[in-house]
*Asks:* 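Got a structure for you, questions after.
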Amino acid sequence: MSANHPNNVEKDKLIQELGYDDHFHEHHHGDKYQTNFLTTYIFSQDHKIIARQFLITGIFWAIIGAAMSIIFRLQLGFPDADMAWLRPILGHWITINDAGIGRLDPEFYYALVTMHGTIIVFFVLTAGLSGTFSNLLIPLQIGARDMASPFLNMLSYWFFFMSSVVMFYSLFISTGPFSGGWTAYPPLSALPQASIGSGAGMTLWTVSLVLFVVSVLLGGMNYITTILNLRTKGMSMWRMPLTIWAFLVTAILGLLSFPVLASGFFLLLFDRSLGTSFYLSDIFINGQALDRIGGSPILYQHIFWFLGHPEVYIIILPAMGIVSEVLSVHARKPIFGYRAMVYSILAIAFLSFIVWAHHMFMSGVNPFISNFFVVFTLIIAVPSAVKVFNWISTLYGGNIRLNTPMLFCIGFVSMFISGGLTGIFLGNSAIDIQQHDTYFVVAHFHIVMGVAAFFGMFAGVYNWFPKMFGRFMNETLGKIHFWISMIGAYAVFGPMHYIGMAGVPRRYYRFDSFDAFKDFDDLNKFITIAAIVTFFGQILFVVNFFWSMYRGRKMTEQNPYGSNSLEWTTPIDAGHGNWPEKIPTVQRWAYDYGKDDKEFIQQHVPLQEGEEPSSH
């Protein structure tokens, strides 16, 4: 097609009219390519629809993962209770004794613990959080019509969906899902005969997570390429909202760490299927020696935790970005220390790669090497503390709106402080050896990367729900949801710290055979009841979410929160391409609140004559 062809002339004319939209593609304008229901809502290449798909799939998995935790908490809190009423749901995993009393099968108890961890860490807090908000906000906040490759973006979701299907299927096979713990340490994971769940359940678990890694890589490449190449005119790196910085660094972390995990899984599959011995050596089963020599399960631990520790920040960094943005908007103040926040994100990301071995203090690591990891583990508290200080400074003196998104932001800061403080204990090898594999560890990581990340996600959902669905979530139900979650989280995990310090180990089926732990029976009951109440508080969120999609208060103004960032310059019902005409040119940073007697100034508003750009 020649340069003078009418189509090229028209395209050049449009690009000239748009001026700064150098990445124009015909399919990014309007809904011309969306011709039916399937291409609009199922196999959509619109980043906003894909964000909804990630979110709703994540909600589905959150319900499954949380329900599993309630079942095994019932076992821990009330080990002698009759659980026959669960037999219609769990089938033969509830065994009925001669007295007609139903008991949870011990093997299935471990499967529930394993699947709960896997689902919440990977499917909810990684895909549900990062997949939703990276997809929704990156093009909208940097001024792009879509991701760099909408097709690969769509594939990213569908690989995640296929991963979900494989994992879901493993719940229904006769031998049950994998039961060797979400970290899948060999030899339980490497030998199909090690346990019932180590058979087909483990194979499906591995296949599912390899598909998941593919999804993460496709998404991550798209996020990075989009942020670096498709920013609108004027959107320099130092004018990007902190959400975008967080998503960019998270994507880089994922690209560098998840392939290592995938390679570890492939070696695991070789050990399981081809008779290799990467992770196995000197194994005896029922007194019989297996022909597996030369490998080391410690190698797997190194590989797993090389992903595992950055994974903590792959989960928490997007939540940090969301909280920074939402907190500033609803405090009506510029974010305090913008550049310090960016440098903190970069420092956390760098340090996250050189502290993985603090998860292995109990595996025989040389004490001299342990000291190295202790020092760097404790140093990572410095940029984390900078972020906390800046969030609190942003709130100080602000005209705070105590709406649901802001409440969850404050809750996030509270949880991050609490979990961070207990992390200092576990970063020290001398204390970690005492607390290892106790409920203290469980409480620590649930607070800091579980509850805190959930709070960041809730803040984002409540805040950007109007952008996704054109309606608001119910505010009263949202506040009830927050208070149940806030009080419930401390009620569940506060006592866990205590019993952990007393030495109560994790992953045990019941404790009544141990005289030393019988004193904690009442505390275990309390934790279980608190967990059940908190679970039903989350059901309230689910009801509010789906009810508000169709019956919530309609969004009638383009920028209901008075926010500065570009997503609020798109139409209420923005089609594919986001802006029907020109993409706004960015003139200033994202946090001009309370400047020149104006409550807020959006990023595309030009500087007035004599106005100095905000210093940050």
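All figures in this text were calculated on a predicted structure; none of them were measured in a lab.
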*Asks:* Between Arg272 and Gly199, is there a donor-acceptor pair closer than 3.5 Å when you use the side chain of the first and the backbone of the second?
*Replies:* yes
*Asks:* Check the orientation of His309 and His358. Use parallel for under 30°, tilted for 30 to 60°, and perpendicular for over 60°.
*Replies:* perpendicular
*Asks:* Is a side-chain N or O of Ser215 found less than 3.5 angstrom from the main chain of Ser156, in a donor-acceptor match?
*Replies:* yes
*Asks:* Measuring from Ile529:CD1 to Asn524:CG, what's the distance to the nearest 0.5 Å?
*Replies:* 11.0 Å
*Asks:* Among Phe60, Phe161, Tyr157, Trp158, which one satisfies ring-ring contact (aromatic ring centres under 6.0 Å, His included) with Phe54?
*Replies:* Tyr157
*Asks:* Might you work through the salt bridge (charged side-chain N to carboxylate O under 4.0 Å, His left out) test for Lys518 and Asp515, ending with a clear yes or no?
*Replies:* CA-CA 5 Å; Lys518 284 182 179 176; Asp515 290 338; 3.4 Å; yes
*Asks:* CG of Leu104 to CG of Leu112: how many Å apart, nearest 0.5 Å?
*Replies:* 6.0 Å
*Asks:* Show your working on side chain to side chain donor-acceptor pair (under 3.5 Å) between Ser189 and Tyr279 and close with a plain yes or no.
*Replies:* CA-CA 10 Å; Ser189 59; Tyr279 304 132; over 6 Å; no
*Asks:* Pair Phe123, Phe160 - check ring-ring contact (aromatic ring centres under 6.0 Å, His included), show working.
*Replies:* CA-CA 8 Å; Phe123 291 173; Phe160 168 50; 5.8 Å; yes
*Asks:* What closest approach, in Å, do Asn390 and Ala340 show between heavy atoms, and which atom pair accounts for it?
*Replies:* ND2-CB, 3.8 Å
*Asks:* Would one find more than 12 heavy atoms of other residues, nucleotides or ligands at under 6.0 Å from atom CG of Asp291?
*Replies:* no
*Asks:* Would you find more than 12 non-hydrogen atoms of other residues, nucleotides or ligands less than 6.0 Å from Phe445 atom CZ?
*Replies:* yes
*Asks:* Picking from Phe373, Tyr313, Phe304, Phe361, what satisfies ring-ring contact (aromatic ring centres under 6.0 Å, His included) with Trp356?
*Replies:* Phe373
*Asks:* Quick one: closest heavy-atom pair of Thr534 and Ser485, and the distance?
*Replies:* CG2-CA, 4.4 Å
*Asks:* Would you say the ring centers of Phe265 and Trp205 fall short of 6.0 Å from each other?
*Replies:* yes
*Asks:* Please check if atom OH in Tyr169 has more than 12 non-hydrogen atoms from other residues, nucleotides or ligands closer than 6.0 Å.
*Replies:* no
*Asks:* Given side chain to side chain contact (heavy atoms under 4.5 Å, CB included), test Asn135 with Met147 step by step and report yes or no.
*Replies:* CA-CA 8 Å; Asn135 267 294; Met147 289 292 177; 3.8 Å; yes
*Asks:* When the ring centroid of Phe72 is compared with that of His116, is the distance short of 6.0 Å?
*Replies:* yes
*Asks:* What heavy-atom pair brings Val166 and Leu204 nearest, and what distance separates the two atoms?
*Replies:* CG1-O, 3.4 Å
*Asks:* Between Phe353 and Phe306 (judged by ring centroids, cut-off 6.0 Å), do the two rings come close enough to count as a pair?
*Replies:* yes
*Asks:* With a 6.0 Å cut-off on the ring centroids, do Phe412 and Phe458 count as close?
*Replies:* no
*Asks:* Apply side chain to side chain donor-acceptor pair (under 3.5 Å) to residues Ser418 and Tyr490 and explain how you reach the verdict.
*Replies:* CA-CA 10 Å; Ser418 303; Tyr490 278 119; 2.8 Å; yes
*Asks:* What class does the angle between the rings of Phe172 and Phe168 fall in, given that below 30° is parallel, 30 to 60° is tilted and above 60° is perpendicular?
*Replies:* perpendicular
*Asks:* Between CG of Leu125 and CH2 of Trp61, what distance do you get to the nearest 0.5 Å?
*Replies:* 14.0 Å
*Asks:* Is Gln193 atom CD crowded by more than 12 heavy atoms from other residues, nucleotides or ligands, each under 6.0 Å away?
*Replies:* yes
*Asks:* Do Phe247 and Phe133 have ring centroids that are under 6.0 Å from one another?
*Replies:* no
*Asks:* Looking only at heavy atoms, what is the nearest atom pair of Leu188 and Gly180, with distance?
*Replies:* CD1-CA, 4.2 Å
*Asks:* Keeping Ser352 on the side-chain end and Ala349 on the backbone end, is there a donor-acceptor pair under 3.5 Å?
*Replies:* yes
*Asks:* Rounded to the nearest 0.5 Å, how far does CG of Leu523 lie from CD1 of Ile527?
*Replies:* 5.0 Å
*Asks:* Check for me whether the distance between the ring centres of Phe372 and Phe376 falls short of 6.0 Å.
*Replies:* yes
*Asks:* Ser257 vs Glu311, test: side chain to side chain donor-acceptor pair (under 3.5 Å). Steps then yes/no.
*Replies:* CA-CA 8 Å; Ser257 59; Glu311 170 68 5; over 6 Å; no
*Asks:* If you draw a 6.0 Å radius around CE in Met162, do more than 12 non-hydrogen atoms from other residues or ligands fall strictly inside?
*Replies:* yes
*Asks:* Could you tell me if the ring centre of Tyr508 sits under 6.0 Å from that of Phe517?
*Replies:* no
*Asks:* Can the ring centres of Tyr509 and Tyr109 be said to be less than 6.0 Å apart?
*Replies:* yes
*Asks:* Kindly determine whether Leu268 and Met202 satisfy side chain to side chain contact (heavy atoms under 4.5 Å, CB included), including the steps that lead there.
*Replies:* CA-CA 10 Å; Leu268 195 58; Met202 176 57 198; 3.4 Å; yes
*Asks:* Calculate, to the nearest 0.5 Å, the distance between atoms CG and CZ belonging to Leu426 and Phe440 respectively.
*Replies:* 5.0 Å
*Asks:* Between CE of Met320 and CD1 of Ile348, what distance do you get to the nearest 0.5 Å?
*Replies:* 4.5 Å
*Asks:* Of all the heavy-atom pairs spanning Leu280 and Pro187, show the shortest one and how long it is.
*Replies:* CD2-CB, 3.7 Å
